K.L.:
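Here's a structure for you.
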Amino acid sequence: MEAATVKELYAGKGKYLHQRIQINGWVRTLRSSKTFGFIELNDGTFFSNLQVVFDENLANYKEVSKLITGSAIKVAGQLTESPGAKQPFELKAECIEIEGLSAPDYPLQKKRHTFEYLRTIAHLRSRTNTFSAVFRIRSVAAYAIHKFFQENGFVHVHTPIITGSDAEGAGEMFRLTTLDFDKPPRDEKGAVDFTKDFFGKETNLTVSGQLEAETYCMAFNKVYTFGPTFRAENSNTPRHAAEFWMIEPEIAFAGLRENMNLAEDMLKFIVSYVLENTPAEMQFLNSFVDKSLLERLTNIVKSDFGHLTYSQAVEILKKSGEQFEYPVAWGIDLQTEHERYITEKHFGKPVFVTDYPKEIKAFYMRLNDDGRTVAAMDLLVPGVGELVGGSQREERLDYLSKRMDELGLNKEDYWWYLDLRKYGGVRHAGFGLGFERLIMYLTGMTNIRDVISFPRTPKNAEF
RNA sequence: UCCUCGAUAGCUCAACGGUAGAGCAACCGGCUGUUAACCGGUAGGUUGUAGGUUCGAAUCCUACUCGGGGAGCCA
């Protein structure tokens with residue numbers, strides 16, 4: 001008999017009822033009495049479990065009734081309507097084959113565990129309801145992202161993970177080397193001689209694929225990257241990880257307005273797609289993790305995102321009458337508390353803040369006509385804060401060169417980036433979306449370590 | 001990195017200067033429709049680590065390690 005899946009049983013709408021089937025899965029919990037018992041079986045294909053009923057007619061009744069949580073079994077029997085209220089059908093076992101026993105010290109109980117404890121058993125936590133929901137949603141969301149961009153004419157670019165430029169300007173980098181740490185080769189000045197290293201120069205793990213993506217944007221018009229990113233910042237917060245995934249679209253012949261429209265369309269598409277395709281998971285998270293999750297996500301799809309400039313945001317904050325811990329003044333970057341006020345209290349929905357002072361933004365952002373702000377945009381969302389950061393890029397070679405000089409950047413390191421402005425450079429724009437922050441937003445999980453399978457954070461690279 | 005709170009049985013917690021306990025899990029037994037099943041029993045501990053104060057420390061003090069929350073950096 002070929003094995004069916006629990007997903008098929010739920011999708012089959014009665015097709016399997018009163019049929020003999022086989023299901024392979026893992027015991028989530030077991031309740032037994034003298035002559036019969038129940039097993040909650042999860043086969044990994046679906047969020048919900050299948051209730052298996054077994055009785056003393058089984059040849060191995062005694063062994064089955066003593067199965068420890070986590071054990072793997074194969075069950076053959078007839079699918080019937082269930083008299084119990086909590087499940088539409090159940091499997092009357094005729095034969096249960098024990099495929100892999102679990103040990104008595106199995107660390108997962110049917111009781112609720114703290115997320116902190118589950119992080120210490122990250123190799124097993126995917127067997128819990130919450131992590132089963134989170135990681136299926138993560139998978140579906142990743143698919144939705146590719147679907148959105150592919151269906152809108154974007155080309156997916158795999159930008160390098162190893163980068164030779166040490167000046168991408170987005171934070172501390174992890175150095176990559178094959179040199180012997182105990183006795184590295186030295187040059188005549190006594191410094192480490194990286195010309196003897198694997199690549200013949202200093203190399204690091206990427207902190208952003210944006211600059212490389214821009215080069216492909218000038219060939220394909222619309223491109224996106226979706227890959228891992230590494231930051232060696234000593235950030236100890238629920239929102240930062242040393243290894244995370246980013247989505248970075250880049251569009252040609254487009255400015256800030258098109259950029260914001262793209263971000264809004266993309267976000268709405270992903271949210272709708274996830275809501276539509278993982279209803280059981282969303283319902284569970286809404287009940288046990290974040291009671292306002294469904295309302296918030298539905299609201300996202302329906303509402304038009306807010307728009308205001310940085311200057312307007314500063315005015316609103318000044319007039320708000322709120323007591324902020326940090327002062328509000330034009331020219332200073334918005335603090336987390338300021339961003340939260342704007343998106344959560346003043347607007348109550350996602351908001352684009354645009355046109356920041358050039359001093360607090362990156363060198364590649366396009367200078368506005370006022371000469372003191374750049375065409376930048378941050379998307380702030382309730383609960384998570386900054387979800388998207390982007391800008392129109394400076395396509396004018398003279399402006400870009402001048403700005404790099406002002407900031408003391410070595411233009412030789414960026415020769416290929418500057419070439420883009422020389423050979424048919426056009427208006428273009430793009431943004432970066434932190435994938436894990438999106439997953440946090442989609443699931444209601446409040447710690448980034450709980451939306452990454454094996455999170456890497458300062459002092460933690462277990463597994 | 002800074003501020004702050006915490007660490008006691010496998011898990012979740014209690015004991016707040018005077019003999020370390022409970023629920024769940026595990027193990028043994030009972031129970032004919034359970035669903036965080038229920039009922040009875042057994043076993044389980046150098047109280048995060050290292051010092052100090054005290055007749056006596058899980059409890060008070062110091063340092064360190066790890067974890068939570070907040071901040072910075074950012075996505």
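All heavy atoms count here, side chains included; hydrogens, waters and symmetry mates do not. First the proteins, then the strands, lettered A, B, ... as listed; each starts at 1. Every value quoted in this text rests on a predicted model; they were computed, and no experiment measured them.
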K.L.:
Pick the P atom in B:C2 and in B:A58, then give their distance to the nearest Å.
P.N.:
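Going atom to atom, P in each nucleotide, I get 31 Å.
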
K.L.:
State whether the number of non-hydrogen atoms from other residues, nucleotides or ligands found under 6.0 Å of A:Arg20 atom CZ is greater than 12.
P.N.:
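Check passes, neighbour count above 12.
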
K.L.:
Would you mind pulling out the nucleotide paired to B:U12, Watson-Crick or G-U wobble, both distances under 3.5 Å?
P.N.:
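B:U12 is paired with B:A22.
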
K.L.:
Starting at atom CZ of A:Phe54, determine the distance to atom C1' of B:U35, rounded to an integer number of angstrom.
P.N.:
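It is 13 Å, rounded to the nearest whole Å.
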
K.L.:
Using a heavy-atom cut-off of 4.0 Å across all strands, would you classify A:Lys66 as base, sugar-phosphate, or nothing?
P.N.:
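Since only primed, P, OP1 and OP2 atoms lie under 4.0 Å of A:Lys66, the category is sugar-phosphate.
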
K.L.:
Once you apply a heavy-atom cut-off of 4.0 Å, does A:Leu387 come out as touching a base, just sugar-phosphate, or nothing?
P.N.:
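Sugar-phosphate only.
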
K.L.:
Please state the C1' separation for the pair B:U19 and B:G30 - nearest whole angstrom.
P.N.:
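Taking atom C1' in both B:U19 and B:G30, they lie 35 Å apart.
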
K.L.:
Give one of base, sugar-phosphate or nothing for A:Thr69, where a contact means two heavy atoms less than 4.0 Å apart.
P.N.:
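Nothing, no heavy atom under 4.0 Å.
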
K.L.:
Mind checking A:Phe38 for me? I need base, sugar-phosphate or nothing, with any heavy atom below 4.0 Å counting as a touch.
P.N.:
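If one applies the 4.0 Å heavy-atom cut-off, A:Phe38 turns out to touch a base.
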
K.L.:
Count the heavy atoms belonging to other residues, nucleotides or ligands that lie under 6.0 Å from OH of A:Tyr216, then report whether that count exceeds 12.
P.N.:
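No - once you tally the heavy atoms of other residues, nucleotides and ligands closer than 6.0 Å, there are 12 at most.
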
K.L.:
Does B:U12 have OP1 or OP2 sitting under 4.0 Å from an N or O in the side chain of A:Thr114?
P.N.:
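For B:U12, OP1 or OP2 has a side-chain N or O of A:Thr114 closer than 4.0 Å.
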
K.L.:
Which nucleotide wins on minimum distance to the side chain of A:Asn460, given the candidates B:A25, B:G67, B:C73?
P.N.:
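It is B:G67.
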
K.L.:
What contact category does A:Tyr326 fall into here, base, sugar-phosphate, or nothing, at under 4.0 angstrom with non-hydrogen atoms?
P.N.:
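If one applies the 4.0 Å heavy-atom cut-off, A:Tyr326 turns out to touch the sugar-phosphate alone, with no base involved.
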
K.L.:
Answer yes or no: does a side-chain N or O of A:Arg112 lie under 4.0 Å from OP1 or OP2 of B:C24?
P.N.:
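The answer is no; no side-chain N or O of A:Arg112 sits under 4.0 Å from OP1 or OP2.
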
K.L.:
Quote, to the nearest angstrom, the P distance that separates B:C60 from B:G17.
P.N.:
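These two P atoms come out 8 Å apart once rounded.
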
K.L.:
B:U34, OP1 or OP2 - any side-chain N/O from A:Arg31 closer than 4.0 Å?
P.N.:
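So the side chain of A:Arg31 is outside the cut-off, no N or O lying under 4.0 Å from OP1 or OP2 of B:U34.
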
K.L.:
Base, sugar-phosphate alone, or nothing: which one does A:Ile448 contact when heavy atoms must sit under 4.0 Å apart?
P.N.:
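Result for A:Ile448 = base.
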
K.L.:
C1' atom, B:U59 versus B:U54: distance in rounded Å?
P.N.:
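Their C1' atoms lie roughly 13 Å apart.
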
K.L.:
Can you find a donor-acceptor N/O pair under 3.5 angstrom joining the side chain of A:Gln109 to the base of B:U12?
P.N.:
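Donor-acceptor pair under 3.5 Å: no.
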
K.L.:
Rounded to whole angstrom units, what separation is found between the CG atom of A:Asn447 and the P atom of B:G68?
P.N.:
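Atom CG in A:Asn447 sits about 6 Å away from atom P in B:G68.
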
K.L.:
Of the nucleotides B:G70, B:G33, B:C73, which has the atom closest to the A:His240 side chain?
P.N.:
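Side chain of A:His240 sits closest to B:C73.
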
K.L.:
Base, sugar-phosphate alone, or nothing: which one does A:Phe244 contact when heavy atoms must sit under 4.0 Å apart?
P.N.:
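Base, at least one base atom sits under 4.0 Å.
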
K.L.:
Mind checking the P distance from B:A50 to B:C13? Whole angstroms is fine.
P.N.:
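These two P atoms come out 25 Å apart once rounded.
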
K.L.:
Tell me whether the NZ or CZ atom of A:Lys361 lies within the 45° cone about the ring axis of A:Tyr356 and under 6.0 Å from its centre.
P.N.:
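Yes, a cation-pi geometry holds between A:Lys361 and A:Tyr356.
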
K.L.:
Side-chain N or O of A:Thr35 less than 4.0 angstrom from OP1 or OP2 on B:C31?
P.N.:
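False: A:Thr35 side-chain N/O out of range (4.0 Å or more) of B:C31 OP1/OP2.
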
K.L.:
Hey, are A:Asn368 and A:Thr373 close enough side-chain-wise for a donor-acceptor pair under 3.5 Å?
P.N.:
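A pair is found: one side chain offers a donor N or O, the other an acceptor, under 3.5 Å apart.
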
K.L.:
Ignoring hydrogens and geometry, is there a side-chain-to-backbone donor-acceptor pair from A:Asn60 to A:Ile96 under 3.5 Å?
P.N.:
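Side chain of A:Asn60 to backbone of A:Ile96, a donor-acceptor pair under 3.5 Å: yes, one is there.
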
K.L.:
What nucleic acid atoms does A:Gln51 come within less than 4.0 Å of, heavy atoms only: base, sugar-phosphate, or nothing?
P.N.:
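Base, at least one base heavy atom under 4.0 Å.
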
K.L.:
On a whole-Å scale, what distance lies between the C1' atoms belonging to B:A57 and B:C16?
P.N.:
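After rounding to an integer number of Å, I get 11 Å for this pair.
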
K.L.:
Can you find a side chain N or O atom of A:Arg449 that sits less than 4.0 Å from OP1 or OP2 on B:G67?
P.N.:
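Checking A:Arg449 against B:G67: no side-chain N or O falls below 4.0 Å of OP1 or OP2.
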
K.L.:
Can you spot which of A:Arg125, A:Arg138, A:Arg239 makes a salt bridge (Lys or Arg N to Asp or Glu O under 4.0 Å) with A:Asp450?
P.N.:
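Testing A:Asp450 for a salt bridge (Lys or Arg N to Asp or Glu O under 4.0 Å) against A:Arg125, A:Arg138, A:Arg239 leaves exactly one candidate, A:Arg125.
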
K.L.:
What integer number of Å spans the C1' atoms of B:G51 and B:C38?
P.N.:
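The answer is 50 Å between these two C1' atoms.
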
K.L.:
Within 45 degrees of the ring normal and closer than 6.0 Å to the centroid, is that where the cationic atom of A:Lys92 sits relative to A:Phe54?
P.N.:
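Not flagged: A:Lys92 not positioned over aromatic ring of A:Phe54.
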
K.L.:
With P as the reference atom in both, quote the distance from B:C11 to B:G18 in angstrom, rounded to an integer.
P.N.:
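Each nucleotide's P atom is 26 Å from the other's.
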
K.L.:
Within the 4.0 Å heavy-atom criterion, would you say A:Arg28 contacts the bases, only the backbone, or no part of the nucleic acid?
P.N.:
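Answer is nothing: A:Arg28 stays at 4.0 Å or more from every strand.
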
K.L.:
With a 4.0 Å cut-off on heavy atoms, is A:Asn234 in touch with a base, just the backbone sugar-phosphate, or nothing at all?
P.N.:
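Touches a base.
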
K.L.:
Return no unless some side-chain N or O of A:Gln87 is found under 4.0 Å from OP1 or OP2 of B:U35.
P.N.:
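Checking B:U35 against A:Gln87, no side-chain N or O comes under 4.0 Å of OP1 or OP2.
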
K.L.:
Is the distance from OP1 or OP2 of B:U34 to the nearest side-chain N or O of A:Lys86 less than 4.0 Å?
P.N.:
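No, because none of the side-chain N or O atoms of A:Lys86 sits under 4.0 Å from OP1 or OP2 of B:U34.
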
K.L.:
Report which part of the nucleic acid A:Gly84 touches: base, sugar-phosphate, or nothing (heavy-atom distance under 4.0 Å, all strands).
P.N.:
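Base, at least one base atom sits under 4.0 Å.
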
K.L.:
Rounded to the nearest angstrom, tell me the gap between atom CD in A:Glu40 and atom P in B:U35.
P.N.:
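Atom CD in A:Glu40 sits about 11 Å away from atom P in B:U35.
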
K.L.:
Verify the contact: side-chain N or O of A:Lys111 to OP1 or OP2 of B:G10, cut-off strictly under 4.0 Å; return yes or no.
P.N.:
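For B:G10, OP1/OP2 do not have a side-chain N/O of A:Lys111 under 4.0 Å.
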
K.L.:
What does A:Glu90 touch in the nucleic acid at a heavy-atom separation under 4.0 angstrom: a base, only the sugar-phosphate, or nothing?
P.N.:
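Since a base atom lies under 4.0 Å of A:Glu90, the category is base.
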
K.L.:
Taking the six-membered ring of A:Phe230, is the NZ or CZ of A:Arg456 close enough (under 6.0 Å from the centre) and on axis enough (within 45°)?
P.N.:
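Judged by the rule, A:Arg456 and A:Phe230 form no cation-pi pair.
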
K.L.:
What's the CG-P distance between A:Leu108 and B:C24, to the nearest Å?
P.N.:
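Taking atom P of B:C24 as the reference, CG of A:Leu108 is at 19 Å.
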
K.L.:
Any base atoms under 4.0 Å from A:Pro107, or only sugar-phosphate, or nothing? Heavy atoms, all strands.
P.N.:
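The residue A:Pro107 makes no contact with any strand.
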
